[in-house]
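For reference, the structure is listed below as structure tokens.
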Amino acid sequence: MVATPIDIARAATTATLLMRQKSMAEPATFRRDMDQSRRAIRASRELLKRLGQRRHDAALGWEDGDPSTVAVSAFQADVLRSAFRALVGETGTPECQWRDLAKALVRDFTGCELIETGLVDWIVSK
């Protein structure tokens, strides 16, 4: 069967439309994925702030507590580790920056500049 010029034109038009739809869909998918990642990061930060505020409020209630140190419970450390892993997974942070990211999370959570290195090591460990 020999293709007529009309068939060739239809095929070219169909191919052009399909390529155009694909090229328009890729940026939209990328934008949607980026928006979802931003929302997840924002939610993680808000959760850390709420947990830090709750921890700060509890620390203020201690009569003999030293304001320069804040204890982190095992549950809170596990939450920090989960938030760290989710943040690293979504942002694609290189492994050489993990310790700094973990320190920043703990610092934001506790509001304390002194951070136990064992906690950071545990959060960063695979």
Side-chain angles (χ1 to χ4, degrees):
M1 176 172 176
V2 177
T4 64
I6 293 175
D7 292 337
I8 293 172
R10 284 183 185 154
T13 304
T14 303
T16 303
L17 289 174
L18 289 175
M19 287 186 344
R20 189 172 189 186
Q21 287 175 347
K22 184 179 179 185
S23 67
M24 291 172 58
E26 289 174 356
T29 302
F30 176 76
R31 283 189 205 104
R32 186 183 70 238
D33 292 345
M34 288 300 296
D35 289 341
Q36 182 180 0
S37 295
R38 287 183 184 121
R39 284 192 300 271
I41 291 169
R42 191 177 315 117
S44 295
R45 287 184 178 151
E46 289 172 6
L47 175 64
L48 283 173
K49 285 180 185 177
R50 284 197 317 263
L51 289 173
Q53 183 60 39
R54 194 177 300 160
R55 184 68 192 148
H56 178 69
D57 292 345
L60 291 177
W62 294 345
E63 294 176 354
D64 60 342
D66 181 5
S68 64
T69 61
V70 177
V72 177
S73 70
F75 174 75
Q76 292 167 334
D78 192 48
V79 170
L80 282 169
R81 188 178 195 189
S82 297
F84 170 78
R85 287 181 174 178
L87 190 61
V88 165
E90 290 175 7
T91 60
T93 305
E95 193 169 347
C96 62
Q97 297 176 358
W98 285 6
R99 289 188 62 77
D100 294 332
L101 180 61
K103 286 179 185 178
L105 284 174
V106 173
R107 198 173 298 120
D108 289 345
F109 176 74
T110 61
C112 183
E113 289 296 320
L114 297 174
I115 298 171
E116 182 68 35
T117 57
L119 176 61
V120 173
D121 291 340
W122 181 77
I123 289 172
V124 172
S125 68
K126 295 180 181 179

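Because only heavy atoms are used, hydrogens play no part in the values below, and waters and symmetry mates are left out as well, while side chains stay in. Every value quoted in this text rests on a predicted model; they were computed, and no experiment measured them.
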Legend entry - Val79 and Gln76: CA distance, side-chain angles, deciding distance, side-chain contact (heavy atoms from CB on, under 4.5 Å) verdict: CA-CA 5 Å; Val79 170; Gln76 292 167 334; 5.5 Å; no

Roughly how far, to the nearest 0.5 Å, is [atom2] of [Y] from [atom1] of [X]?
{"X": "Ser82", "Y": "Leu87", "atom1": "OG", "atom2": "CG", "result": "12.0 Å"}
{"X": "Glu116", "Y": "Asp121", "atom1": "CD", "atom2": "CG", "result": "9.0 Å"}
{"X": "Thr29", "Y": "Arg32", "atom1": "OG1", "atom2": "CZ", "result": "4.5 Å"}
{"X": "Thr4", "Y": "Arg10", "atom1": "OG1", "atom2": "CZ", "result": "7.5 Å"}
{"X": "Glu46", "Y": "Arg39", "atom1": "CD", "atom2": "CZ", "result": "12.5 Å"}
{"X": "Asp108", "Y": "Leu80", "atom1": "CG", "atom2": "CG", "result": "10.0 Å"}

Inset, instruction - Would you mind checking if Asp35 and Arg38 are paired as a salt bridge, meaning a charged N to carboxylate O distance below 4.0 Å? - result: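 Yes, charged N to carboxylate O under 4.0 Å.
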
Inset, instruction - Check whether more than 12 heavy atoms from other residues, nucleotides or ligands sit under 6.0 Å from atom CZ of Arg45, and answer yes or no. - result: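 Not buried by this count: 12 neighbours or fewer within 6.0 Å.
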
Do you know which two heavy atoms are closest between [X] and [Y], and how far apart they sit?
{"X": "Val72", "Y": "Ala77", "value": "CG1-N, 3.7 Å"}
{"X": "Phe84", "Y": "Trp98", "value": "CE1-O, 3.4 Å"}
{"X": "Ser125", "Y": "Arg85", "value": "O-NH2, 3.6 Å"}
{"X": "Ile41", "Y": "Glu90", "value": "N-OE1, 3.9 Å"}

Legend entry - Minimum side-chain heavy-atom gap Ile123-Leu105 below 4.5 Å: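 The answer is no, as the side chains (C-beta and beyond) never meet within the 4.5 Å cut-off.
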
